[in-house]
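What follows is a set of notes on a single structure, which appears directly below.
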2 protein chains.
Amino acid sequence: MDEQSVTNLLREKGFKVTPQRLAIYDVLAKTKEHPSAEMIFNQLQEYYPTMSLATVYKTIEILKEIGLVQVLNVGEDSFRYDAIVENHPHIRCMVCKRVDDVEEVDSSDFIEKIKEKTAYQLTGQQFYFYGICPKCMVKH
Amino acid sequence: MDEQSVTNLLREKGFKVTPQRLAIYDVLAKTKEHPSAEMIFNQLQEYYPTMSLATVYKTIEILKEIGLVQVLNVGEDSFRYDAIVENHPHIRCMVCKRVDDVEEVDSSDFIEKIKEKTAYQLTGQQFYFYGICPKCMVKH
DNA sequence: CTCATTGCAAAGGTTTTGCATGACC
DNA sequence: GGTCATGCAAAACCTTTGCAATGAG
């Protein structure tokens with residue numbers, strides 16, 4: 001999503017548009033590494049030396065609320081965030097801890113199966129895979 | 001797994017067998033609610049008033065290590081634990097926060113698809129579903 | 001008897017909150 | 001100008017660690 005659309009969406013939902021909010025979304029939109037709040041904070045330090053971690057958390061809360069980011073729980077102590085809000089599987093390297101997307105996988109059949117088996121009314125899902133990434137395999 | 005087997009496994013792996021350890025495993029083995037450390041702690045308070053949360057955490061660490069429990073990450077701030085170590089999907093009610101198993105689902109086809117699409121060497125996975133449980137649907 | 005385990009309290013890490021200052025509209 | 005957002009510091013959580021006292025083998 002481009003900056004203008006983010007600006008519009010924030011306004012539309014009653015939130016003010018600030019450089020911090022745009023910068024935080026920008027970091028998320030331009031990376032594939034699924035950063036944690038602290039990773040976002042560190043990345044912004046150079047250009048926004050006064051940025052505080054609290055602002056990162058507060059902004060993510062808003063971005064989540066208006067559907068611009070999704071939250072990941074890959075089994076670490078902290079959460080990670082993804083500006084690609086379409087649901088897709090993630091995979092984490094047990095060695096270097098990187099988190100990647102698994103692309104081009106159609107999970108609708110699997111989700112259908114679950115719908116048949118559960119008495120819940122489904123609203124969403126997250127698929128996490130664990131393994132060793134290509135780079136780490138080479139090293140061992 | 002019965003108490004005798006747990007005793008044997010602990011000894012075999014070089015850990016001492018204590019009432020606390022057996023009690024913690026027992027709580028996990030007898031419930032389907034995927035308790036957090038604090039839920040286990042609270043449940044034990046009545047019968048083991050001196051039990052400390054630290055012991056719960058230390059014991060879970062050991063149980064995890066010897067393959068008697070698996071750790072769940074359902075998107076809460078805390079971890080949950082499951083004495084059923086065979087991999088199976090979990091589902092969480094967004095209203096009452098309960099976590100249930102999804103039973104009788106074969107996910108091997110889906111996992112195969114992922115293996116084909118990722119360059120990682122797969123070692124495991126977790127499937128989390130979100131929705132509204134039957135009880136909460138009735139209430140609304 | 002020895003050494004691992006327990007349980008307390010303190011520390012560590014992540015996330016949230018309160019509040020005065022500052023910025024947007 | 002009024003109100004919301006920022007950023008600091010403190011608080012609130014969850015989890016881990018250190019250590020003296022205790023208990024298992």
Side-chain angles (χ1 to χ4, degrees), chain A residues 3-4 6-25 27 34-66 68-69 71-81 97 99, chain B residues 3-4 6-25 27 34-42 44-66 69 71-81 97 99:
Chain A
E3 188 159 302
Q4 191 54 54
V6 176
T7 298
N8 291 340
L9 190 58
L10 279 168
R11 288 228 176 86
E12 191 180 307
K13 300 278 182 177
F15 297 104
K16 292 196 172 167
V17 178
T18 67
Q20 288 91 336
R21 287 177 180 171
L22 294 177
I24 290 165
Y25 179 76
V27 168
H34 312 87
S36 63
E38 191 157 16
M39 289 161 81
I40 297 172
F41 174 73
N42 289 335
Q43 213 159 317
L44 288 171
Q45 273 301 83
E46 190 179 346
Y47 302 103
Y48 296 80
T50 71
M51 169 86 64
S52 94
L53 245 185
T55 300
V56 175
Y57 281 109
K58 286 170 189 166
T59 299
I60 287 169
E61 182 58 34
I62 290 171
L63 294 176
K64 184 171 60 177
E65 204 177 315
I66 65 181
L68 285 184
V69 308
V71 181
L72 307 182
N73 237 239
V74 288
E76 297 168 317
D77 295 332
S78 53
F79 292 96
R80 284 168 174 261
Y81 307 96
K97 315 301 183 195
V99 175
Chain B
E3 188 160 301
Q4 190 54 54
V6 175
T7 298
N8 290 341
L9 190 58
L10 279 168
R11 289 227 176 88
E12 190 180 306
K13 299 278 184 177
F15 297 105
K16 291 195 171 167
V17 178
T18 67
Q20 287 90 335
R21 287 178 180 169
L22 293 177
I24 291 165
Y25 179 76
V27 168
H34 311 87
S36 64
E38 191 158 14
M39 289 160 81
I40 297 172
F41 174 73
N42 290 335
L44 289 171
Q45 274 301 84
E46 190 179 345
Y47 302 103
Y48 295 80
T50 71
M51 169 87 64
S52 95
L53 245 186
T55 300
V56 175
Y57 280 110
K58 285 170 190 168
T59 298
I60 287 169
E61 181 60 34
I62 291 172
L63 294 176
K64 185 171 61 178
E65 203 177 317
I66 64 180
V69 308
V71 182
L72 307 182
N73 243 252
V74 288
E76 298 168 317
D77 295 332
S78 53
F79 293 96
R80 283 168 174 261
Y81 307 96
K97 314 302 183 197
V99 176

| message | Let me test you: for the helix from C/dC1-D/dG25 to C/dC25-D/dG1, what is the angle between the axes at its two ends (five pairs each), rounded to 10 degrees? | response | 30°
| query | Between the side chain of B/His34 and the main-chain N/O of B/Val99, is any donor-acceptor distance below 3.5 Å? | reply | yes
Might you list the N or O atoms of the protein lying below 3.5 Å from N or O atoms in nucleotides 17-19 of chain D, with each pair's distance?
{"from": "D/dG18", "atom 1": "O6", "to": "B/Lys58", "atom 2": "NZ", "distance (Å)": "3.2"}

| note | Between CZ of B/Phe15 and C1' of C/dT6 the distance, given in whole Å, is 15 Å
| remark: In this structure, OH of A/Tyr25 is separated from CG of A/Leu68 (nearest 0.5 Å) by 5.0 Å
| Flag side-chain contact, heavy atom, 4.5 Å: B/Val71 against B/Tyr81 | yes
| Atom CD in B/Gln20, atom OG1 in B/Thr59: separation rounded to 0.5 Å? | 7.5 Å
| task | Could you check which residues of residues 39-51 of chain A get a heavy atom under 4.0 Å from DNA chain C? Sort them by number, please. | result | none
Which pairs would a plain distance check flag for residues 36-50 of chain A, meaning a side-chain donor or acceptor within less than 3.5 Å of a matching protein atom at least two apart in sequence or in another chain?
{"from": "A/Ser36", "atom 1": "OG", "to": "A/Met39", "atom 2": "N", "distance (Å)": "3.3"}
{"from": "A/Asn42", "atom 1": "ND2", "to": "A/Glu38", "atom 2": "O", "distance (Å)": "3.3"}

| Rounding to a whole Å, what distance do you find between A/Leu53:CG and D/dC8:P? | 11 Å
| task | Indicate whether OP1 or OP2 belonging to C/dC8 is found under 4.0 Å from a side-chain N or O atom of B/Ser52. | result | no
| For the pair made of NZ in A/Lys64 and C1' in C/dT16, what is the distance, rounded to whole Å? | 12 Å
| said: Without decimals, in angstroms, what is the distance between A/Ile62 CD1 and C/dT17 P? | reply: 13 Å
| Beyond-backbone contact of A/Leu22 with A/Thr18, side-chain heavy atoms, under 4.5 angstrom | no
| request: Working to the nearest 0.5 Å, report the span between CG of B/Asn73 and CG of A/Asn73. | output: 4.5 Å
| said: With a 4.0 Å cut-off on N to O distance, would you call B/Glu61 and B/Lys58 a salt bridge? | reply: no
| Toward the 5' end of DNA chain C, which comes first, A/Asp77 or B/Gln20, by nearest nucleotide? | B/Gln20
| From B/Met51 CE over to B/Leu53 CG, what is the distance, rounded to the nearest 0.5 angstrom? | 10.0 Å
Could you pull out every donor-acceptor pair under 3.5 Å between side chains of residues 10-17 of chain A and any protein atom, sequence neighbours left out?
none

| task | Provide the closest heavy-atom pair for A/Glu76 versus A/Lys97 in the form atom of the first, atom of the second, distance. | result | OE2-O, 4.1 Å
| Rounded to whole angstroms, how far apart are CD on A/Glu38 and P on C/dT16? | 14 Å
| field | Value rounded to 0.5 Å, distance of CG in A/Asp77 from CZ in B/Phe79 | value | 5.0 Å
| query | At under 4.0 Å between heavy atoms, what does A/Glu61 touch on the DNA or RNA strands: base, sugar-phosphate, or nothing? | reply | nothing
| query | When the distance from CD1 of A/Ile60 to P of C/dT15 is rounded to whole Å, what number comes out? | reply | 8 Å
| From A/Leu9 atom CG to A/Leu63 atom CG, the distance as rounded to the nearest 0.5 Å | 9.0 Å
| remark: Whole-Å distance, A/Glu76 CD to D/dC14 C1', equals 16 Å
| D/dC13 C1' sits how many Å from B/Phe79 CZ, rounded? | 13 Å
| task | Scan nucleotides 20-25 of chain C nucleotide by nucleotide, 5' to 3', and note B when protein non-hydrogen atoms come under 4.0 Å of the base, S if they reach only the sugar-phosphate, - if neither. | result | ----BS
